[in-house]
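No hydrogens, no waters, no symmetry mates; every other heavy atom, side chains included, goes into these values. Given the structure is predicted, the values throughout are model-derived calculations rather than measurements. Atoms within each ligand, like the ligands themselves, are counted from 1 in listed order.
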Amino acid sequence: MVRVTFTIALVLGYMTGTFPLETSLRSDDTHHTGGGKTFSVRQVSNPDFIRSGPYQLAKAYKKFGVPLPEDLKNALGRLRLEKRKRSTGNEVTKPESYDVEYLTPVSIGTPGQVLHLDIDTGSSDLWVFSSETPSNLVNGQSLYEPAKSSTAQKLEGYTWKISYGDGSSSSGVVYRDSVTLGGLTVSSQAVEAATQVSEEFTSDSNNDGLLGLGFGSLNTVQPKGQKTWFENIMQELDSPIFTADLKAGEPGTYNFGYIDKNAHIGNISYVSVNDSNGYWTWTSPGYAIGTGALVSTQIMGIADTGTTLLLLPSTIVVMYYAQIPGALYDATQGAYTLPCSPTPPDFSFAVGDDGQVITIPGEYILYAAITSIGTMCFGGIQADSGIGFSIFGDVALKAAFVVFDGGKKRLGWASK
Ligand SMILES: CNCc1ccc(Oc2cccnc2)o1
């Protein structure tokens, strides 16, 4: 989750998109003879008009009521198929130890420079360790070197600066370059090169940066916010979605543009997303602890692949750990801890109004042993106090198959 600070200011309602000219080929430059007024309208071309010979020829046949010859009909059919051809992609994502984050190979520039990025649906900057990151802040990470990319373009005067829910942060300058993920290429993606990273990133040696899949409104680039990779590729996809299939202690998968029916069990329940704060924000109607009955209560939270744990309202967290002998809030850790055995109760959360429930196995809540003798463990469920919403991080996401639907602004949840 990216930490957003608002400055109270007159927000100019500027749009970052480019609008196709609202014009079309027209010729209404009618001239009147005699004393009447004359007027003419300048013809402007419609840049969105797609030139197509067979289509124009077919229009001519239709205009004069002549049936289309067979080969022209076939040509039109091929064109229609060609236009329909869209694309899909998929990529493997690998967990770091304790599933603290999942890293995905991303190719940047020409020729491609492969970096392993943390795909984060809780933020919207694509930033990387780079040749511009001071070497004393680099500790084994792969670097993006724009000078070695024939397609890199520096956005002069553009900067970025971001801080995350765990207190880590980074900042730097901005390039445009080609970015390929899962076989899908955005030719002009804003790539944010770090000139500063906090200690948490320096010590995170295998993590070469983040690829944000939140909504573009969260992007921190100044003076003009940039679109995420997904926002840039979305229209090319068969459908404007991506799915997250994270796994406990083993590689998972991100798919783009399609739903892999073999990746989930039972139906996918969809819930609406409120993107007004830039996150994939949704509301769960309730939870259950172990084999207990569902407790109906609204849990508003974000689906966040970049947060490791499941952060919930403290009332629910207290209820959960109260079921576990020996569990306690450890003030030195600033967190709930519990005995590493026996396996604690499962935790379930409801999705939608069709009875769908996602059950997190108890072992996912034994997040990591605190002491080397391994008797007490760090809890995978912690309180969301002070954040303002809950965070369905990796502990929850790795129990589900999740559809992030950018077209309909909704989330789909299924068991797997
Ligand atoms: C592990 N700390 C460094 C680090 C890796 C990824 C991130 O980014 C985060 C952290 C928390 C929430 N969302 C994204 O920070």
- Note on the structure: Closest to atom 15 (O) of ligand 1 among protein heavy atoms sits Ser168 OG, 3.2 Å
- Item | atom 4 (C) of ligand 1 [closest protein heavy-atom partner, distance rounded to 0.1 Å] | Phe201 CE2, 3.3 Å
- Below 4.0 angstrom from a heavy atom of Thr307, which ligand 1 atoms are there? Numbered from 1 as shown, please. 12 (C), 13 (N)
- Gly122: heavy atom below 4.0 Å from ligand 1, yes or no? no
- Judged by modelled atom types alone, do Asp177 and Tyr144 share a side-chain donor-acceptor pair under 3.5 Å? yes
- With distance as the sole criterion, is a donor-acceptor pair present between the side chains of Glu96 and Asn206 under 3.5 Å? yes
- Message: Students should be able to answer this: which protein heavy-atom is nearest to atom 3 (C) of ligand 1, and at what distance?
- Response: Asp166 OD2, 3.6 Å
- Query: Considering only the protein, which heavy-atom contact is closest to atom 5 (C) of ligand 1, and what is its distance?
  - Reply: Glu101 OE1, 3.1 Å
- Between Tyr164 and ligand 1, is there a nitrogen or oxygen pair with a distance under 3.5 Å? no
- Message: For Trp282 and Phe392, take the angle between the two ring planes, folded into 0 to 90°, and tell me which bin it lands in: parallel under 30, tilted 30 to 60, perpendicular over 60.
- Response: tilted
- Take Tyr164 and Phe201 through the test ring-ring contact (aromatic ring centres under 6.0 Å, His included) and record every step on the way to the result. CA-CA 11 Å; Tyr164 297 99; Phe201 284 110; 5.8 Å; yes
- Query: Which residue and non-hydrogen atom of the protein lie closest to atom 6 (C) of ligand 1, and at what distance in Å?
  - Reply: Asp118 OD2, 3.2 Å
- Message: Please classify the Leu210 to ligand 1 contact at 4.0 Å (heavy-atom distances, strictly less than): side chain, backbone, both or neither.
- Response: side chain
- Item | Ser276 and Asn274: side chain donor to acceptor below 3.5 Å | yes
- Task: Tell me which part of Val100 gets within contact of ligand 1: side chain, backbone, both or neither, using heavy atoms under 4.0 Å.
- Result: neither
- So among Ile358, Ile259, Ile265, which one has a side chain to side chain contact (heavy atoms under 4.5 Å, CB included) with Phe401? Ile259
- Tell me yes or no: between the side chains of Ser169 and Ser163, is some donor less than 3.5 Å from an acceptor? no
- Proximal candidate to atom 11 (C) of ligand 1 [heavy atom criterion; set Gly393, Gly214, Ser203, Gly306]: Gly306
- Item | N or O pair under 3.5 Å between Glu200 and ligand 1 | no
- Nitrogen or oxygen atoms of Met1 and ligand 1 under 3.5 Å apart: yes
- Query: Does NZ or CZ of Lys398 lie under 6.0 Å from the centre of the six-membered ring of Tyr364, at an angle within 45° of the ring axis?
  - Reply: yes
- Does the side chain of Asp384 pick up a donor-acceptor pair with the side chain of Ser390 at under 3.5 Å? yes
